[in-house]
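Beneath this line is the structure, given in structure tokens, with notes to follow.
In each ligand, atom 1 is the first atom listed, and ligand 1 is the first ligand listed.
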Amino acid sequence: MEKSIAHPLRKYFRGEINYTNCSGCGNGIIAQAILWAIDELGIDFDHFAFVSGIGCSGWIPSPSFNTDVLHVTHGRAVAFATGLKLAAPHMKIIICVGDGDTSAIGGNHFIHACRRNIDLTVICVNNLIYGMTGGQVAPSTPYGSKTTTTPFGNIERPFDLSQVAIAAGATMVARWTTFNARQLRKSIAKAILHPGFSFIEVISQCPVQYGKVIKKRNNAVDMLMDYKERSISFKKTGELPENEREEKILVGEFVENRNIPELTQEVKRLRKEALRNVGNRD
Ligand SMILES: Cc1ncc(C[n+]2csc(CCOP(=O)(O)OP(=O)(O)O)c2C)c(N)n1
Ligand code: SF4
Ligand SMILES: [Mg+2]
């Protein structure tokens with residue numbers, strides 16, 4: 001008799017698993033990395049809440065993950081998550097957002113959350129483009145790229161999103177590509193336990209929209225092989241000749257600092273102090 005074996009991550013999904021991503025999209029690798037990290041940590045899934053932006057990356061947890069998932073307006077995922085964390089500080093909150101959501105419309109929310117060191121984990125799916133809306137230029141799109149809105153080539157220099165997070169004060173920052181799935185999973189687990197704002201940037205293939213830009217349309221394997229060849233630990237960049245550095249994708253855990261006060265703890269402390277002061281007034 002044929003036996004059916006359930007996938008070990010099946011328990012984290014509600015009902016039918018119904019992903020709308022194009023085939024070959026990096027979002028599936030990232031969904032697995034998140035769920036494997038949670039599985040390894042052994043924390044009850046009910047203690048997690050996910051907040052999604054608008055964009056293909058927003059559909060990683062929404063509506064499939066079988067816990068609280070807020071799928072909110074474009075650019076506002078970090079703002080919603082900030083409110084949620086302040087109202088329910090015991091929850092582990094993971095935000096799934098695109099590069100456009102993070103650094104264009106949501107740029108201000110993003111940098112201020114970094115500065116506040118609020119205990120949130122951002123998984124930023126950096127496919128270097130607006131995937132969902134048809135392949136428009138994003139603040140992360142490489143210089144010179146011909147996208148639907150830059151048909152003669154992008155004349156703006158891109159943000160290095162991890163460096164923006166570091167400069168704005170995020171206390172844990174890591175970057176991997178979807179080729180580095182194992183390292184990604186480990187960093188996500190670390191980020192979930194990190195008592196402060198953690199930012200995980202994942203360079204991820206969008207074979208359909210970004211594939212058009214680099215002429216590898218629908219070829220996810222070529223894109224993954226490209227990540228394999230071009231990614232290098234940021235600790236080794238000194239060993240590279242200068243003319244080779246630009247081509248490389250620097251990966252690794254850039255920052256981990258546990259000595260900065262976390263925002264919800266600061267609010268708790270302040271509240272206690274305020275109540276004590278009220279009590280001492282008369
Ligand atoms: C307020 C608002 N502005 C614009 C849009 C249109 N819009 C939806 S997703 C998106 C960009 C998606 O790019 P990104 O955040 O990188 O996510 P991806 O699809 O690449 O994962 C835009 C401009 C919107 N839905 N709401
Ligand atoms: S458009 Fe790109 S990012 Fe969006 S689902 Fe398709 S492959 Fe993935
Ligand atoms: Mg994108």
Item to complete: Flag Met132 as yes if one of its N/O/S atoms falls below 2.8 Å of the Mg ion (ligand 3), otherwise no.
Response: no
Worksheet entry | Test salt bridge (Lys or Arg N to Asp or Glu O under 4.0 Å) applied to Arg269 and Glu266, step by step | CA-CA 5 Å; Arg269 181 182 60 77; Glu266 288 285 87; 3.2 Å; yes
Worksheet item: Any ion pair linking Lys190 and Glu253 (charged N to carboxylate O, less than 4.0 Å)?
Response: yes
Item to complete: May I have the angle between Ile129 O and Asp99 OD1 with its vertex at the Mg ion (ligand 3), rounded to 10°?
Response: 110°
Worksheet item: Going by atom types alone, do Ser52 and His71 pair a side-chain donor with an acceptor below 3.5 Å?
Response: no
Worksheet item: Is there a donor-acceptor contact under 3.5 Å linking the side chains of Thr147 and Gln136?
Response: no
Fill in: Proximal protein residues to ligand 1, non-hydrogen atoms under 4.0 angstrom
Ile54, Gly55, Cys56, Ser57, His74, Gly98, Asp99, Gly100, Asp101, Ile105, Asn127, Ile129, Tyr130, Gly131, Met132, Thr133
Discussion item. Any donor-acceptor pair under 3.5 Å linking the side-chain atoms of Ser198 with those of Thr121?
Written reply: yes
Discussion item. Here's a test for you: under side-chain contact (heavy atoms from CB on, under 4.5 Å), which of Val202, Thr102, Ile95, Ile203 qualifies with Cys124?
Written reply: Thr102
Discussion item. Any donor-acceptor pair under 3.5 Å linking the side-chain atoms of Thr264 with those of Glu262?
Written reply: yes
Worksheet item: Strictly by modelled atom types, are His194 and Thr171 linked by a side-chain donor-acceptor pair under 3.5 Å?
Response: yes
Worksheet item: In the protein, how many N/O/S atoms are under 2.8 Å from atom 8 (Fe) of ligand 2?
Response: 1
Worksheet entry | Sub-6.0 Å ring centroid separation between Phe13 and Phe65 | yes
Practice prompt. Specify the closest pair of heavy atoms between Gly75 and Ile105, including all atoms of both residues, with the distance to one decimal.
Written response: CA-CG2, 3.3 Å
